[in-house]
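Residue numbers begin at 1 in each chain, while the letters A, B, ... track the order of the sequences.
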There are 2 protein chains.
Amino acid sequence: MGRNRATLADVARRAGLSKTAASMVLNGREGTRLSAEAHQRVFAAAEELGYRPNLAARSLRTRKTATIAFVSDIVATTRFAGDLIRGALDAARERDHVLLITETQGDATFEQYAIEAVLDRQVDGVIYAAMATRRLTVPPAILGGPVVLLNATSPDGLPSVVPDDEGAGRSVATALLELGHRDAIALIGRNRLKEDDPEVSLAARARLHGIRQTLDEAEVGLLAECFCTEWLPEHGYAAMRSLLGKPKRPSAIICMNDRLAFGAYQALGEAGLTVPEDISVISFDDDPIAAWLRPSLATTALPHEQMGRRAVELLLDGGAAEPSLVPMPLRRRRSLAPPAG
Amino acid sequence: MGRNRATLADVARRAGLSKTAASMVLNGREGTRLSAEAHQRVFAAAEELGYRPNLAARSLRTRKTATIAFVSDIVATTRFAGDLIRGALDAARERDHVLLITETQGDATFEQYAIEAVLDRQVDGVIYAAMATRRLTVPPAILGGPVVLLNATSPDGLPSVVPDDEGAGRSVATALLELGHRDAIALIGRNRLKEDDPEVSLAARARLHGIRQTLDEAEVGLLAECFCTEWLPEHGYAAMRSLLGKPKRPSAIICMNDRLAFGAYQALGEAGLTVPEDISVISFDDDPIAAWLRPSLATTALPHEQMGRRAVELLLDGGAAEPSLVPMPLRRRRSLAPPAG
DNA sequence: AGTGGTCGCTAAACTGATTTAGCAGAGCAT
DNA sequence: ATGCTCTGCTAAATCAGTTTAGCGACCACT
């Protein structure tokens with residue numbers, strides 16, 4: 001790769017100056033007393049040779065690589081990973097940095113390997129990302145330098161970036177209250193494991209808390225709460241069917257994520273009910289399917305791109321120690337209407 | 001990052017030997033005449049100090065970084081990018097390599113920047129990936145070293161990895177023929193732009209060709225072909241409605257991708273028709289929604305993980321010059337049945 | 001005439017590895 | 001005693017940059 005690249009020595013020679021002079025000019029060092037003419041000659045020589053510094057050589061001396069590691073547990077499983085990475089990539093580019101990406105697959109051996117691999121390459125910092133918002137303990141090896149947790153928090157109080165799931169819970173509940181829904185709101189997606197173990201999920205608890213708090217303030221109670229072992233369409237489908245089997249039909253459904261909502265839609269369709277005329281549906285995540293559903297699904301968006309961006313900013317520009325909460329915007333779509341009758 | 005790392009000099013000192021000796025021992029060089037005892041001492045010292053070589057320093061000398069660049073047009077837009085990356089990551093790890101990921105967003109300036117950024121970091125090779133299978137011309141800057149095109153081909157005959165869309169077309173058509181569908185198969189998702197411009201898509205043409213070829217061999221013609229300006233659910237929905245408005249109802253539908261199929265499902269549901277009893281549906285991509293639909297959707301899977309893996313293998317291990325076609329496995333699911341009546 | 005300061009620039013050290021060239025000592029033959 | 005080979009190891013060069021320390025020329029001032 002890059003076989004015949006011109007070196008700084010080549011530039012200096014062509015400019016008739018020393019490497020020192022060339023280096024200083026190209027780095028725009030202040031306080032040097034090199035003549036305007038020397039500047040010209042160096043710039044011209046660099047231009048003519050298409051000179052680009054060898055960053056491996058530079059970083060050997062400066063101990064900076066302009067490279068940051070993005071270590072995540074799982075890259076592919078969820079389609080959100082892409083957005084996280086894209087945001088980070090964007091912010092990194094703006095700061096002339098580049099991302100070294102590795103995946104641990106939740107496996108301790110791989111994690112060890114991944115971390116050594118990036119540290120060996122002298123990265124300037126590490127973004128340690130989780131694909132589901134959760135609490136975790138970071139491997140001690142990366143504590144030797146700057147670290148930012150992305151979509152995760154840690155007991156060590158490291159800088160971290162997480163979505164504001166509680167705020168999203170409030171938005172969702174508020175949206176329904178504003179439409180006039182009161183005593184016939186049902187919730188799909190309760191899950192003890194997710195709610196009680198912060199190492200599994202922080203989102204479930206926060207969303208639930210936001211919803212409850214808002215409803216409580218309005219003195220409204222939930223009509224029903226369905227527990228689901230997972231947050232997949234089939235569970236939403238089953239939950240919705242069980243709700244429809246009960247005497248009082250809900251006027252609105254809150255689903256803990258869009259996949260559950262997708263399943264709920266399927267059950268509603270089979271039952272011959274129309275969204276939103278018969279039942280409103282609202283949920284969380286803003287998965288692409290939310291916009292594809294008929295009618296389109298109102299939801300609160302996980303701001304993954306924002307988060308990835310924020311993580312890089314925190315890492316390189318420094319910033320607040322307390323977890324950085326990124327708001328989850330409400331996407332008002334066609335699945336919402338005032339209660340029937 | 002990594003402030004107090006032991007250097008080779010530290011190891012040598014502790015072992016009471018020269019840097020040369022330490023280097024040779026640690027690299028397992030053959031033909032050196034260092035004593036068994038010297039080996040022991042070096043290994044012990046390295047172990048005790050937790051020595052890890054500084055790869056920036058090493059690559060300055062060896063011109064190898066054990067790092068490969070993954071340059072893609074768009075990382076986030078499609079959820080397939082993750083799988084491509086994951087496969088590449090996996091294969092890279094097996095070869096002790098690491099991935100530097102950049103995104104061009106289809107913008108020439110960004111692309112220029114991305115390529116310079118990775119070349120400056122002396123990567124050993126470049127994987128140039130496109131998110132939609134298509135033909136493209138690679139920027140000349142990266143031709144100085146090993147390159148593999150991923151999900152793309154180029155006129156220059158560079159090594160490349162693409163899915164076998166034509167084979168997928170044959171699988172899809174064969175699956176329907178085997179079930180007994182003959183003269184009532186309709187196709188949703190014809191698109192001149194995608195079919196005729198290889199720089200937009202190679203998949204559309206290849207899929208269509210595979211389908212036609214198989215049907216022709218069985219002397220079966222398509223009942224109808226619907227053109228769609230895009231391959232999104234809403235277009236599948238519209239196409240399906242138009243098909244249902246015609247006198248002869250199809251017994252099976254082939255959709256050019258799963259999102260179209262999703263839209264088709266919605267139209268079928270509204271029309272009170274059941275899949276697969278009334279109409280079978282089969283498609284391409286194996287998007288996650290395919291498994292979530294009710295009934296689950298038969299489709300041919302884009303083998304993105306395999307492809308990412310293959311690209312790394314081709315880059316590092318060398319291999320065939322002609323495009324490497326990765327098979328698209330057929331996922332037989334509930335949306336298929338023999339024609340009614 | 002000597003001293004001090006500024007200007008414009010460079011030699012050489014340094015970063016941490018790999019690699020080439022070669023040295024000291026032992027053993028053996030002549 | 002000399003020359004030769006083999007063994008076991010090391011000094012120094014090298015990669016391509018950055019950085020420190022300082023040199024010679026010129027000018028001004030006493």
Side-chain angles (χ1 to χ4, degrees), chain A residues 1-43 45-46 49-67 119-124, chain B residues 1-42 45-46 49-67 96 119-124:
Chain A
M1 213 80 236
R3 277 183 291 273
N4 313 324
R5 289 168 69 111
T7 70
L8 184 64
D10 297 330
V11 172
R13 198 171 313 120
R14 178 172 255 257
L17 289 165
S18 67
K19 282 198 312 176
T20 311
S23 170
M24 288 176 154
V25 168
L26 292 174
N27 288 314
R29 282 272 288 254
E30 313 264 318
T32 163
R33 293 176 302 229
L34 292 161
S35 66
E37 206 227 319
H39 276 78
Q40 296 295 342
R41 292 218 307 273
V42 170
F43 285 132
L49 297 174
Y51 171 71
R52 302 226 97 223
N54 178 328
L55 296 192
R58 171 181 290 170
S59 60
L60 183 54
R61 184 80 237 256
T62 60
R63 321 190 137 275
K64 296 226 159 295
T65 49
T67 301
L119 293 184
D120 288 353
R121 285 169 180 80
Q122 318 293 123
V123 296
D124 294 342
Chain B
M1 214 82 235
R3 278 183 289 274
N4 313 325
R5 287 168 70 109
T7 71
L8 183 64
D10 297 330
V11 173
R13 197 172 311 122
R14 177 172 255 256
L17 289 164
S18 68
K19 283 197 313 174
T20 311
S23 171
M24 289 177 155
V25 168
L26 292 175
N27 289 314
R29 281 271 286 253
E30 314 266 315
T32 165
R33 295 177 300 234
L34 292 161
S35 65
E37 207 227 319
H39 277 78
Q40 298 294 343
R41 292 218 307 272
V42 170
L49 296 173
Y51 171 72
R52 301 224 97 223
N54 178 329
L55 296 193
R58 170 181 290 171
S59 59
L60 183 55
R61 184 81 238 254
T62 61
R63 317 193 138 274
K64 297 230 158 294
T65 48
T67 300
D96 265 335
L119 293 184
D120 289 352
R121 286 169 180 81
Q122 317 295 119
V123 296
D124 294 342

Check whether any side-chain heavy atom of [X] sits under 4.5 Å from a side-chain heavy atom of [Y], and report yes or no.
X        : Y       : result
B/Leu17  : B/Arg41 : yes
B/Asp120 : A/Arg5  : yes
B/Val11  : B/Val42 : yes
A/Met24  : A/Leu34 : yes

### Message
If only side-chain N and O atoms count, and only distance matters, is there a donor-acceptor pair under 3.5 Å linking A/Thr67 with B/Arg121?
### Response
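Yes, A/Thr67 and B/Arg121 have a side-chain donor paired with an acceptor closer than 3.5 Å.
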Between [X] and [N], does any side-chain N or O lie under 4.0 Å from OP1 or OP2?
X       : N      : value
B/Arg5  : C/dG16 : no
A/Thr7  : D/dA16 : no
A/Ser35 : C/dC9  : yes
A/Arg29 : D/dT19 : yes
A/Arg63 : C/dG16 : yes

Nucleotide [N], atom [atom2] - distance to [atom1] of [X] in whole Å:
X       : N      : atom1 : atom2 : value
A/Arg52 : D/dA16 : CZ    : C1'   : 15 Å
B/Leu34 : D/dG8  : CG    : C1'   : 7 Å
B/Arg13 : D/dC9  : CZ    : P     : 19 Å
B/Leu60 : C/dC14 : CG    : P     : 17 Å
B/Asn27 : C/dA17 : CG    : P     : 11 Å
A/Arg58 : C/dT15 : CZ    : P     : 18 Å
B/Met24 : C/dA17 : CE    : P     : 16 Å
B/Glu30 : C/dT19 : CD    : C1'   : 16 Å

Base [N] paired with [X] side chain (donor-acceptor, <3.5 Å):
X       : N      : answer
A/Lys19 : D/dA16 : no
B/Arg61 : C/dT18 : yes
B/Thr20 : C/dT18 : no

Need one value for [X]: base, sugar-phosphate or nothing, where a base atom within 4.0 Å counts as base even if backbone is also close, heavy atoms only.
X       : answer
B/Arg33 : base
A/Ser23 : base
B/Ala56 : nothing
B/Leu55 : nothing

